[in-house]
Amino acid sequence: MIRLIKRPTPSRGWIVATPVLAVIVTMIAGGIMFALLGKDPFEAIRIIFLDPLFDDRFAAYSRPQLLVKAGPLILIAIGLSLGFRAGIWNIGAEGQYIIGAICGAGFGLAFYPSENVLIFPGMVMAGALGGWAWAMIPGILKTRFRTNEILVSLLLVYVAEAILASAATNWLRNPDGAGFPGSRNLSRHAGTANPELLANTGMHWGVVAAFIAVIAAYVLLNKHVLGYQIKLAGQAPRAARFAGVNPTRLVLLCLGVSGALAGMAGLFEVSGPAGQISIDFNVGYGFTAIIVAFLGRLHPVGILLAGLLMALTYIGGELAQLMMGIPASAIQAFQGMLLFFLLALDVLSNYQIKFGREAVT
Amino acid sequence: MTALLSIDGLTKAYPGVVANASVSFAVQPGEVHALLGENGAGKSTLVKMIYGLVKPDAGAMSLNGAAYAPAEPRAARAAGVAMVFQHFSLFAALNVAENIALGMENPPKPRDLAQRIRDVSETYGLPLDPGRMVGDLSAGERQRVEIIRCLLQDPRLLIMDEPTSVLTPQEVEILFHTLRKLAAEGTAILYISHKLEEIRSLCDEATILRLGKVVATCTPREVTAAHMAELMVGKSLAAPRRAATEPGAVLLDVRGLTLLPASPFGTPLRDVHLTVRAGEVLGIGGVAGNGQDELLAALSGEVPAPGAVWLEGADVGRIGPDARRALGLLCAPEERLGHAAAPDMSLTENAVLTARRRKGLDRGGFVDWRGARVFAQEVIAAFDVRTPGPDVAARALSGGNLQKFVIGREILQDPRVLVVNQPTWGVDASAAADIRQALLNLAQKGAAVVVISQDLDELLEISDRFCALNEGRLSEPRPARGLSMEQVGLMLGGAHDMHDVLPAEEGAQ
Amino acid sequence: MIDPITLITALIATSTPILLAAIGELVVEKSGVLNLGVEGMMIIGAVCGFMVAVGTGSPWLGFVAGMAGATALSLVFAFLTQVLLSNQVATGLALTLFGLGLAALLGEPYAGIIPPPTSDVFPQAMHAIPVIGPILLSHDIIIYLSVALVAATWFVLKHTRVGLILRAVGENHDAAHALGYKVVRIRVLAIMFGGACAGLGGAYLSLVRVPSWTEGMTVGAGWIALAIVVFASWKPWRALIGAYLFGGIAALQLRLQAAEIGVPVALLDASPYLVTIIVLVVISSDRSRAALNAPAALGRVFHATS
């Protein structure tokens with residue numbers, strides 16, 4: 001029998017150690033999963049976690065991909081983490097990401113074929129605004145009518161996907177595209193491109209924005225009154241009201257910031273790595289970012305590391321698909337498993353575990 | 001005569017604290033036996049072991065001469081042991097009959113149960129409608145649900161954990177009649193309390209616990225309350241003192257405060273008026289659930305009350321808690337963990353919770369953590385808060401120490417007006433005495449102090465004027481000096497709708 | 001023109017997976033647990049049911065396998081939230097993310113296969129009876145079962161001791177514990193029931209509704225089931241109304257798309273989700289009702305200190 005005894009103060013050691021432990025346990029469980037699929041587990045784990053960085057055949061391509069994929073994950077996860085800390089659950093970042101991309105791309109394409117240098121910053125603004133506005137829907141419904149933000153933000157993902165399908169096949173479709181779905185390619189047009197800033201690093205404006213977001217979130221949470229209020233509202237909502245925190249303002253702020261960051265991430269993606277608005281340019285970063293946020297313990301530095309790790313599983317997963325025929329969906333299951341183990345091991349931070357019946361002292 | 005319940009060497013330890021160390025005593029059939037002790041003396045753990053909620057580490061119990069070791073409350077109930085909890089084990093969204101059925105092993109059909117509830121409530125003078133939602137009942141009525149739930153099982157031993165904290169003095173008298181009638185019928189009652197006069201009037205025997213150990217036994221009628229207090233606390237405590245002062249100008253003025261409750265089972269405030277002057281302590285008494293939380297929320301600014309709250313002649317009803325604090329109106333709510341303080345945050349972080357503005361801990365939107373730590377240390381030193389340091393989480397402190405921290409945090413900000421709700425609830429006697437003295441000192445220095453409490457002795461001890469909150473209405477204040485318990489009880493609403501069924505038996509006893 | 005009788009017949013079939021999942025989640029939430037993993041459990045049910053039905057040729061074994069698979073997944077949730085005391089919102093999300101990934105992995109070889117058909121209850125001749133025939137008599141057994149399940153859930157919650165105890169645990173777990181009820185055990189059983197219902201709904205989707213396996217085929221059905229529980233104010237019969245209302249919109253929009261009446265396709269595609277959001281807003285804006293019926297302990301962690 002397992003008994004849990006609440007620690008008087010959360011264990012700092014375990015707070016840092018549990019994510020690492022969760023990754024190790026996930027590797028073991030993932031290895032078992034690969035073995036069941038009839039693949040060599042050791043080779044699979046090596047290909048996913050080591051080869052993208054250290055194997056000479058792949059590293060030249062894979063290393064830059066690390067930042068390309070980590071950028072949007074970190075940017076979105078930073079935004080989500082603020083809300084999660086305050087007990088505000090925006091799980092529709094995928095929708096905000098899509099709408100941000102559409103708004104930003106639409107802004108850029110409206111000026112096509114101008115190459116004015118102000119167009120790209122305008123696109124970033126439009127992307128952020130689009131994501132912000134999409135996140136304001138659950139925000140306003142929650143503050144005005146107390147509607148559950150989890151369900152609304154999630155359901156809006158499906159609405160956003162319907163809008164995306166319509167944009168890609170209809171009103172944003174490339175007029176010179178011979179009727180194929182998808183917009184003009186933004187990344188190949190100087191006015192609208194989000195280029196690689198340093199050759200062979202994968203560094204683009206989205207990665208820069210992600211790093212800025214990490215620093216800003218760190219300062220906000222550790223030094224600023226607002227960060228204090230966010231933490232207070234999440235841990236003790238009644239105490240937060242007593243301290244004078246306005247819950248309505250906090251909900252709108254957290255949802256707005258996470259929406260704007262997700263929208264920006266979407267714009268950086270369509271104008272860079274993805275290149276264009278297409279029916280399936282979104283690959284689920286908005287959902288994976290939820291895992292990144294938790295794996296990073298909702299801490300900005302943790303999110304930075306977790307984002308890089310999760311990016312690695314994406315790249316390694318593609319590699320494993322190529323080299324061993326492991327299905328792409330295995331990686332999604334792998335990521336979900338990681339979140340499970342993290343949540344399970346989390347108990348170690350807050351509780352002491354005793355085995356056996358209650359001992360006679 | 002063999003004892004109904006005998007307890008021999010019960011021991012229970014939790015990490016870092018021994019709740020009970022080799023506790024032994026016996027309860028006879030038909031006896032009202034008091035278990036007396038301070039908060040944290042181990043009374044609750046002891047009765048939880050008797051009721052099967054906690055397993056003892058060592059020791060044995062016997063009931064009617066047979067070995068008794070209930071594995072769970074069901075077994076205890078089957079053996080004839082029933083319990084009325086201090087924090088009620090009731091379900092607000094279920095009706096009275098459903099609540100009672102949940103506490104029975106084999107409840108009869110709903111219609112028969114409703115009839116039996118009516119019968120029992122008639123017999124013992126505890127009126128109750130089986131179809132009403134428990135959330136809509138007053139605290140006193142809820143207690144009746146618990147008592148009737150126990151009585152329907154014809155218990156041989158009835159455990160009552162601090163039953164009178166939710167009753168007016170008149171209601172206490174009626175409850176005592178019910179308990180005496182039960183005892184006369186042969187039911188033994190284990191009565192847990194720290195209220196000495198009650199124990200002297202009701203109980204046949206008393207076992208006194210201190211720090212988990214039995215320190216004395218006595219026959220309450222034969223000793224003085226002061227003697228029992230000394231046994232319970234381990235030392236004699238000085239009564240709080242203050243020099244007489246003339247009250248100054250009106251600082252807090254509440255005019256016609258009417259407020260709908262925020263939660264479905266809350267209490268509305270109805271046209272509340274009150275004024276408090278500089279240097280004065282106003283005591284507001286009342287049974288729990290009569291609008292105390294709502295009144296505090298309206299004064300603190302958590303709930304806006306436009307036009308109803310005036311501070312030094314200015315309308316502050318519209319502004320929020322932070323702005324009110326800046327003007328000098330400070331509050332300390334009843335619930336320490338989760339309302340007055342965030343459980344998982346350190347004392348330094350909790351210092352920022354209310355002291356940000358008045359202590360200048362906000363530097364252009366950025367928190368001055370060094371300053372916050374210094375302030376937390378000041379509070380710890382000035383109010384003798386026992387803690388390893390300001391970096392410890394609030395939930396790691398004992399109730400009394402955290403309450404000293406919370407009250408100290410407000411007092412050291414030099415409030416113009418301080419409103420406290422239940423300042424000594426769940427706090428040990430010496431910490432309670434310190435807190436009361438600190439509140440008096442604050443008034444002495446010219447602040448206006450409002451103390452909301454269910455502890456009537458406490459209010460009569462420290463208040464200049466006393467008023468009662470009953471069903472959201474506040475009575476006219478009266479000078480506290482010379483007020484009798486009888487008068488106080490009538491101000492609190494008397495016996496409400498309870499009626500005394502046994503006026504004759506009182507004389508017989 | 002859209003024929004109302006075929007529309008009603010279609011909406012009943014469209015609604016059934018969601019109704020099953022919603023009634024399961026309703027019981028889970030009544031016990032005070034918020035399981036946001038309905039979508040994940042549904043899709044696991046869909047894939048497990050499909051695999052076993054194709055493998056054995058029996059749709060009935062498929063339904064059982066769907067329930068078993070989703071129940072197994074719900075046990076992971078139960079272990080994490082009830083034993084290891086993890087956050088229910090995060091764990092539910094993890095369940096959905098993991099379920100979607102695992103289902104895609106398991107179902108990969110099954111794309112494009114047609115499952116064995118499920119027989120109807122009443123003979124074909126009875127379907128021809130005007131109005132009543134198609135609406136009431138033309139369905140398979142799972143549809144009748146889903147309505148029976150609503151009735152049974154209503155009866156158990158309202159009129160039995162088991163239901164009373166379940167509601168009590170969801171209302172105030174500390175009080176229930178103090179009276180000696182096994183809070184964790186009761187909640188684990190409720191979570192398993194929710195898993196089985198979601199799994200059956202998922203299997204119905206892949207074996208009857210669609211019928212075929214495609215990755216991510218639940219497209220938010222689990223989330224809509226969660227919304228329907230809120231819409232229903234935790235009352236079983238209202239969950240039936242909510243599910244049929246949603247099914248009606250979904251069935252109607254497909255017919256409108258086919259009819260090409262000039263409404264943008266994107267709007268029609270999104271209409272079930274938009275209607276769900278609007279209904280949620282209307283329900284939650286009624287302050288007194290929403291607050292009164294919600295189980296008071298919903299989503300809170302229970303840790304017995306004694």
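Lettering of chains follows the sequences in order, A, B, ..., and the numbering in each one begins at 1.
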Just verifying a value: how many Å separate B/E335 CD and A/R238 CZ, rounded to the nearest 0.5 Å? 6.5 Å
So for [X], is it side chain, backbone, both, or neither that comes closer than 4.5 Å to the heavy atoms of chain A?
X	answer
B/V18	neither
B/A341	backbone
B/R363	neither

Checking side-chain contact (heavy atoms from CB on, under 4.5 Å) against B/F366, which of A/V219, A/V225, A/L220 comes through? A/V219
Contacting region of A/N246 [heavy-atom separation from chain B under 4.5 Å]: neither
Non-hydrogen atoms of chain B under 4.5 Å away: do they reach the side chain of A/Q229, the backbone, both or neither? side chain
Is it true that the NZ or CZ of B/R324 lies under 6.0 Å from the centre of A/F242's six-membered ring and within 45 degrees of the ring axis? no
Ranked by heavy-atom pairs below 4.5 Å to chain B, first place among A/G227, A/A236, A/P237, A/A239 goes to A/A239
Is any side-chain heavy atom of B/W369 less than 4.5 Å from a side-chain heavy atom of A/N222? no
Do other residues, nucleotides or ligands put more than 12 heavy atoms under 6.0 Å from the [atom1] atom of [X]?
X	atom1	value
B/M61	CE	yes
A/W89	CH2	yes
A/Y218	OH	no

Options [options], ranked by heavy-atom pairs under 4.5 Å with chain A, top entry:
options	result
B/P333, B/S300, B/P343	B/P333
B/E302, B/R325, B/H339	B/H339
B/A342, B/G338, B/A340	B/G338

Taking the side chain from A/Y228 and the backbone from B/L353, do they hold a donor-acceptor pair closer than 3.5 Å? yes
Might you point out which heavy atoms bring B/P321 and A/R241 nearest each other, and give the distance in Å? CG-O, 3.4 Å
